[in-house]
Peer 1: 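Handing you this structure, nothing more for now.
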Number of protein chains: 2
Amino acid sequence: MSAVEPISGKSDKSRLSSSDWEQAALDLLAEQGVAAVAVEPLARRLGVTKGSFYWHFPSRDALLKAALELWEKQDQEAVFDQIDAIIDPRERLYALFRRTSREIRSHVIYSHLLKAMDQPVVQPLMERVSTRRVNYLLTGYRALGMSRRDAMNRARLAYAAYIGILQMMLQLKTMRMNHEEYEAYVEHIAETLIPAAV
Amino acid sequence: MSAVEPISGKSDKSRLSSSDWEQAALDLLAEQGVAAVAVEPLARRLGVTKGSFYWHFPSRDALLKAALELWEKQDQEAVFDQIDAIIDPRERLYALFRRTSREIRSHVIYSHLLKAMDQPVVQPLMERVSTRRVNYLLTGYRALGMSRRDAMNRARLAYAAYIGILQMMLQLKTMRMNHEEYEAYVEHIAETLIPAAV
DNA sequence: TTGTTACCATACGGTAGCGTATTGACAACC
DNA sequence: GGTTGTCAATACGCTACCGTATGGTAACAA
């Protein structure tokens, strides 16, 4: 398996739309990172040549940008929109921690993007998404009655832990654990990072 | 400044040793990541051509490997060897947390290597270094009287936080803070991740 | 002084991308 | 049924790297 070629998955309709390219770009991004989102390999995977690509997009960067905007939207919906429903802040933080263990794909992409922050297309997006998330945590901690300063520091710490856990789980295979071990780990994290109820 | 060229720093002796190449490789690695450690750019920076390089090393990978081994040694000495002196485990953990804020270069390199775990030269090294460090934390927490399981989870969490903080500080410039703010942050982290004395 | 060794330059061939230009094919529409 | 618009193939030139082959030169030794 040459890691990129056919993937003769779903719809092999004979003509492609820009949306097809964006989807394929996200797939490849999730699988192999930003560098792998290249025109010619993508075309090969989709069974066409790059002559097709440059009809839909003016450049590789344009595709990347479009794909990333798609991801940002999907990610927002998948994770945060649902949790906003939970009112109790302690419950909401806890749900946030647990949900992060699922919805893998979106986090895998986030992790890959973290490695490509040198690229101008990626950097502003990641700044945006990350500060949004930290602020989300911040308001959560504030709602628990923490001081402005403590809440900020705890939010930073929790988000740093999120990033680190991503890397450890996805990159360091020495660190991987089985399901129940992981459940206990998440539990430990919640206990450590969410202040106890009064 | 073309980001790579001269750097006509220190010793511009007219002949180079393999050690000079390794040093230059580490410099470039710290500045621009693993991908930047390429033969021709390095040669340009050193004011020679790659004809020279391939006399000292058989391949680019061989250079990278040598440079990384050098880093591993330096890193070990710079951070851990000194902290081993501290006996009280609580003090030692605290010192570890604080010291990580300094010794920047070594951590910058670690952060860049984290992004290159797909490369066969990098991966085993990072597995080795990372598990070594987590185990170091583990014994620290055990010495504080935590259960095997709790200590393991706390060590994982602390190391995840380390990784995440690295990324946030080095990549997300929105997250950067001034010195006193950072000091307070580290203090908060220590309070949160090191169990209080009985 | 004459080799030898250690280091370096030059020139070459190869790969993997990006992006452009031109032409082709098929479908939709009038 | 011809025209137009949409998607695609081919061929090209360009850049930046890797690695090889071969010859040159300065320093040091015999």
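Convention: sequence-line order gives letters A, B, ...; per-chain numbering from 1.
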Peer 1: So if I take the C1' atoms of five pairs at each end of the helix from C:dT1-D:dA30 to C:dC30-D:dG1 and get each local axis, what angle do the two axes make, rounded to 10 degrees?
Peer 2: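 Roughly 10° between the end axes, to the nearest 10°.
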Peer 1: Atom pairs under 3.5 Å, N or O on each side, protein against nucleotides 13-18 of chain C: can you list them with distances?
Peer 2:
from	atom 1	to	atom 2	distance (Å)
C:dG17	OP2	A:Arg44	NH2	3.4
C:dC18	OP1	A:Val39	N	3.2
C:dC18	OP2	A:Val39	N	2.9
C:dC18	OP2	A:Glu40	N	3.4
C:dC18	N4	A:Lys50	NZ	3.0

Peer 1: Could you state the CZ-P distance from B:Phe53 to D:dT20, rounded to the nearest angstrom?
Peer 2: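 Answer to the nearest Å: 11 Å.
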Peer 1: Please find out if less than 6.0 Å separates the ring center of B:Trp21 from that of B:Phe53.
Peer 2: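 Aromatic pair counts; centres sit under 6.0 Å.
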Peer 1: Rounded to the Å, how far apart are A:Leu46 CG and D:dC7 C1'?
Peer 2: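 So the two atoms are 13 Å apart, to the nearest Å.
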Peer 1: OP1, OP2 of C:dA6 versus side-chain N and O of B:His56: anything below 4.0 Å?
Peer 2: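 Answer no for this pair, as no side-chain N or O of B:His56 is under 4.0 Å from OP1 or OP2.
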Peer 1: Measure from CZ on B:Phe57 to C1' on C:dC8 and round the result to the nearest Å.
Peer 2: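 Taking CZ of B:Phe57 and C1' of C:dC8, I get 15 Å after rounding.
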Peer 1: Side chain of B:Arg60, backbone of B:Val37: donor and acceptor closer than 3.5 Å?
Peer 2: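 Yes: the side chain of B:Arg60 pairs with the backbone of B:Val37.
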Peer 1: Find out whether A:Leu70 and A:Gln23 are in side-chain contact, i.e. whether some heavy atom of one side chain is under 4.5 Å from a heavy atom of the other.
Peer 2: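 Of all side-chain heavy-atom pairs linking A:Gln23 with A:Leu70, at least one is under 4.5 Å.
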Peer 1: Between A:Arg176 and A:Glu181, does any side-chain N to carboxylate O distance fall below 4.0 Å?
Peer 2: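 Judged by the 4.0 Å cut-off on N to carboxylate O distance, A:Arg176 and A:Glu181 do not form a salt bridge.
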Peer 1: Keeping B:Asn135 on the side-chain end and B:Thr131 on the backbone end, is there a donor-acceptor pair under 3.5 Å?
Peer 2: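 Indeed, once roles are kept as given, a pair shorter than 3.5 Å links the two residues.
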Peer 1: Please list, one pair per line, the donor and acceptor atoms closer than 3.5 Å that link side chains of residues 187-196 of chain A to other protein atoms, with sequence neighbours excluded.
Peer 2:
from	atom 1	to	atom 2	distance (Å)
A:Glu187	OE1	A:Tyr94	OH	2.8
A:Glu187	OE2	A:Tyr94	OH	3.3
A:His188	NE2	A:Thr192	OG1	3.4
A:His188	NE2	B:Arg154	NE	3.0
A:Thr192	OG1	A:His188	O	2.7
A:Thr192	OG1	B:Arg154	NH2	3.3

Peer 1: Whether B:Glu22 and B:Lys65 form a salt bridge (side-chain N of Lys/Arg under 4.0 Å from carboxylate O of Asp/Glu) is what I want to check.
Peer 2: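 No, no charged N to carboxylate O under 4.0 Å.
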Peer 1: May I have the distance from B:Leu42 (atom CG) to D:dC18 (atom C1'), rounded to whole angstrom?
Peer 2: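 These atoms are roughly 14 Å apart.
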Peer 1: Closest to the A:Thr49 side chain: C:dC8, D:dA8, D:dA9?
Peer 2: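 That would be D:dA9.
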Peer 1: Side chains of B:Lys115 and A:Gln167: do they bring a donor and an acceptor to under 3.5 Å?
Peer 2: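 There is no such pair between these side chains.
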Peer 1: For residues 115-123 of chain B, which residues have at least one heavy atom under 4.0 Å from DNA chain C?
Peer 2: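 Nucleic-acid contacts, sorted: none.
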Peer 1: What does the list of N/O pairs under 3.5 Å between the protein and nucleotides 26-28 of chain D look like, with a distance for each?
Peer 2:
none

Peer 1: Taking 4.0 angstrom as the limit, do A:Arg105 and A:Asp27 come out as a salt bridge?
Peer 2: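 A salt bridge links A:Arg105 with A:Asp27.
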Peer 1: If you define the side chain from C-beta out and look only at heavy atoms, does anything of A:Met175 sit under 4.5 Å from B:Arg156?
Peer 2: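 A:Met175 does not reach B:Arg156 side chain to side chain.
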Peer 1: Would you mind reading off the distance between A:Trp21 atom CH2 and D:dC7 atom C1', rounded to a whole angstrom?
Peer 2: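 Rounded to the whole Å, the gap is 11 Å.
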Peer 1: Just how far, in rounded Å, is P of D:dC17 from CG of B:Leu28?
Peer 2: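 Rounded to the whole Å, the gap is 10 Å.
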Peer 1: Is a donor from one side chain sitting under 3.5 angstrom from an acceptor on the other, for A:Gln123 and A:Glu127?
Peer 2: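 Looking only at side-chain atoms, A:Glu127 and A:Gln123 do form a donor-acceptor pair, the distance falling under 3.5 Å.
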Peer 1: Could you tell me whether the side chain of A:Glu72 reaches within less than 4.5 Å of the side chain of A:Arg132, counting heavy atoms only?
Peer 2: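 Of all side-chain heavy-atom pairs linking A:Glu72 with A:Arg132, at least one is under 4.5 Å.
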Peer 1: Which residue pairs pass the ring-ring contact (aromatic ring centres under 6.0 Å, His included) test when at least one of the two sits in residues 106-147 of chain A, sequence neighbours left out?
Peer 2: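 Non-adjacent pairs meeting ring-ring contact (aromatic ring centres under 6.0 Å, His included): A:Phe80-A:Tyr136, A:His107-A:Tyr162, A:Tyr110-A:Tyr162.
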Peer 1: Taking atom P of D:dG19 as reference, at what distance in whole Å does atom CG of B:Leu64 sit?
Peer 2: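 So the two atoms are 11 Å apart, to the nearest Å.
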Peer 1: Considering only heavy atoms from C-beta outward, does the side chain of B:Met169 approach that of B:Ile104 to under 4.5 Å?
Peer 2: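 They are not in contact (no side-chain heavy atoms under 4.5 Å apart), so the answer is no.
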